[in-house]
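Since the structure comes first, as structure tokens, the remarks are kept for the end.
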Amino acid sequence: MPKISRGKKKAPKPFWQSGSFIFCASVVVLSIILTLEPVAVMVDDYFGTTTSNRALQQQHRRLGGMNEAAERHCQENPGTCTEAPEDIHTSFQVHLINKSVYRADIHWDNDSTGQVISNIEAGASLDLTVFPANKFFITRHGVKEGLFDPLANRPLRFEPTKVGQTFVIPENAAPSDDKCIDRFDKACQDYAKAGKCWEQPGWMIVHCCQSCNEYSPELDAARLIDGSVRCTKENMNITEPVWKPGDLDALFTKWANDPEFKQFQPNVLSSPDQFDANGLPQPWVITFDNFFSQEEAQALIEGGRMAGFDRSTNQGKTNDQGEMEMVTSTTRTSSNAWCIGDCQQLPGVRTMTKRIEQVTGIEEKNYEPFQVLEYQDKQFYKMHHDSEGRDPKPPGNRILTFFLYLSNVEEGGETQFNKLGIYVKPKLGRALVWPSVRNESPDFWDDRMYHEAMPVVRGEKYAANHWIHLNDYEGPNRWGCTGSFA
Ligand SMILES: O=C(O)CCC(=O)C(=O)O
Ligand SMILES: [Fe+2]
């Protein structure tokens with residue numbers, strides 16, 4: 001199911017609720033009960049040859065009710081529960097070689113929007129375990145932009161039929177020159193017919209341009225597919241930024257001094273009253289040590305689980321359609337989930353956002369959805385900045401980070417501001433707040449605000465980011481103009 005930005009949409013029936021899946025799951029369970037030894041051997045075999053698929057696993061877990069053994073089999077053998085094979089032993093291995101210059105994702109074609117089962121580096125090869133009738137398609141890594149066979153001008157697809165087959169992503173495979181195409185045949189037609197092109201224009205234009213042209217011609221998807229045409233500030237109605245010079249200082253000063261904020265236990269860790277070695281005023285960093293309840297923290301953690309925690313990614317290059325490639329991060333080993341859809345509606349999540357709106361005076365439309373973070377043993381996030389010099393995208397720079405510690409951590413997991421020498425210990429209920437821009441120029445970053453998450457030494461760390469932008473974020477996000485569809 002696609003992550004259509006921030007809105008709600010009726011999900012297509014997942015495959016594990018289909019008759020064929022139930023049949024498949026029953027076969028797995030029965031095989032395990034009746035012939036424990038061979039099935040165990042077979043599953044062991046699979047471990048070495050397939051990449052476990054966390055997203056799939058989490059979807060299964062979220063939906064619940066699935067037999068544990070069947071669930072494990074299907075998780076560890078991505079793509080194997082798509083069709084009802086007559087006999088579970090009919091699975092077989094095929095070989096995939098990537099001669100292209102692109103790192104590619106392999107999607108199991110589920111007749112919807114596909115399910116990533118593995119990825120393959122440029123120049124690498126891979127063994128895949130598949131079942132008869134499984135179909136696959138290939139995209140650039142991290143976005144669903146299909147790789148095409150340029151000679152045939154067709155998306156690259158493969159449909160294994162026998163053991164040992166080798167499939168090749170050719171040297172000159174590349175995204176199609178024609179950008180106004182449907183990335184998914186049936187799903188695009190179905191969504192466009194159901195009026196989704198206007199409901200979720202960004203996702204639909206980028207993924208289903210051809211169908212939007214056909215079913216909602218007045219949207220003019222063929223023109224808007226070009227990110228530089230679609231995402232202008234004029235089109236996005238971006239007018240007044242939420243902060244003018246001086247507003248940043250005024251807000252933090254109020255937090256530090258006004259009695260109405262005492263209930264949140266403000267604690268100033270750095271402020272312009274202090275001076276650095278060059279005699280320059282220091283930036284603001286503040287904690288509110290009693291900002292939210294345990295129930296609210298739990299709501300965000302649960303919401304994160306509902307949305308599905310995935311290994312954290314960074315944003316990579318932007319393509320012509322305005323999508324940013326998601327690149328698995330090496331500087332960040334944690335997992336995160338975007339609190340969208342049902343998560344966003346949880347009462348504890350609503351009250352948290354409302355409180356942040358109240359204390360900042362900035363409306364929710366300028367916020368990214370909560371990003372919930374999960375750090376297990378030894379996981380970290382190396383030094384980085386939450387914003388960039390001058391962010392040219394319509395929402396503009398992230399101006400403020402509201403960072404919420406959703407758990408206590410036995411040891412480690414501090415947030416360190418590398419240039420300021422400040423360490424903040426995780427504590428349930430504590431909010432750490434800092435600006436990413438300068439008081440005198442809120443559209444430009446403050447390069448002193450580099451920070452990092454120290455490795456968790458003992459225990460687990462849960463936390464959440466609420467990033468606030470200078471301009472409206474919600475509108476540009478709906479139109480696919482923020483670089484991603486989270
Ligand atoms: O986990 C932390 O302490 C900081 C995380 C962070 O900086 C981020 O997610 O951008
Ligand atoms: Fe950060």
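Values below: every heavy atom of this structure, side chains too, minus hydrogens, waters and symmetry copies. Since we're looking at a predicted model, the values are computed, not measured. All ligand and atom numbering here is 1-based and tracks the order in the structure.
- When non-hydrogen atoms are compared, ligand 1 lies under 4.0 Å from neither the backbone nor the side chain of E452.
- By the 30° and 60° cut-offs, the orientation of the rings of F417 relative to H451 is tilted.
- The closest approach between a heavy atom of H384 and any atom of ligand 1 is below 4.0 Å.
- The cationic group of K382 lies under 6.0 Å from the six-membered ring centre of F380 and within 45° of the ring axis, placing it in a cation-pi geometry.
- With no hydrogens or angles considered, a side-chain donor-acceptor pair links E296 and T351 at under 3.5 Å.
- The CG atom of N397 lies 8.0 Å from the CZ atom of R390; values are rounded to the nearest 0.5 Å.
- In this model, a donor atom of one side chain and an acceptor atom of the other lie less than 3.5 Å apart for T415 and Y405.
- Under 4.0 Å from ligand 1, not a single heavy atom of Y462 appears.
- Panel detail: the Fe ion (ligand 2) has protein N, O or S atoms under 2.8 Å away, 3 in number.
- K419 forms no cation-pi arrangement with Y450, by the criterion of a distance under 6.0 Å to the ring centre and an angle within 45° of the ring axis.
- Using a 4.0 Å heavy-atom cutoff, K461 is listed among the residues neighbouring ligand 1.
- Inclusion of Q371 in the set of residues having an N or O under 3.5 Å from an N or O of ligand 1 is not warranted.
- Ring pair H466/F370 is parallel by interplanar angle, where below 30° counts as parallel and above 60° as perpendicular.
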- [ ] Using the side chain to side chain donor-acceptor pair (under 3.5 Å) rule, take D386 and W467 through it: C-alpha gap first, then chi angles, then the decisive distance, then the call.
- [x] CA-CA 9 Å; D386 285 353; W467 283 300; 3.0 Å; yes
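- Looking at T482 and N477, their side chains do bring a donor and an acceptor atom within 3.5 Å of each other.
- Atom numbering of ligand 1 starts at 1 in the shown order; those under 4.0 Å from a heavy atom of L373 are 5 (C), 9 (O).
- Per-residue contacts place T415 under 4.0 angstrom from the following atoms of ligand 1 (heavy atoms of the residue considered): 2 (C), 3 (O).
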Review item, side-chain donor-acceptor pairs of residues 257-265, under 3.5 Å, at least two apart:
| from | atom 1 | to | atom 2 | distance (Å) |
| --- | --- | --- | --- | --- |
| N257 | ND2 | T253 | O | 2.9 |
| Q263 | NE2 | E260 | O | 3.1 |

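- Atoms of ligand 1 found under 4.0 Å from any heavy atom of W467 (numbered from 1 in listed order, with element): 10 (O).
- Taking the centre of each ring, F402 and F291 come in below the 6.0 Å mark.
- Between the side chains of S112 and N110, not a single donor N or O lies within less than 3.5 Å of an accepting N or O.
- Using a 4.0 Å cut-off between heavy atoms, V424 makes no contact with ligand 1 at all.
- Neither the backbone nor the side chain of T401 comes within 4.0 Å of ligand 1, counting heavy atoms alone.
- Under 4.0 angstrom from ligand 1, there are no non-hydrogen atoms of N336.
- When only non-hydrogen protein atoms are considered, atom 9 (O) of ligand 1 lies nearest to N465 ND2, 2.9 Å.
- The residue among Y375, Y450, Y381, Y405 with a heavy atom at the shortest distance from atom 8 (C) of ligand 1 is Y381.
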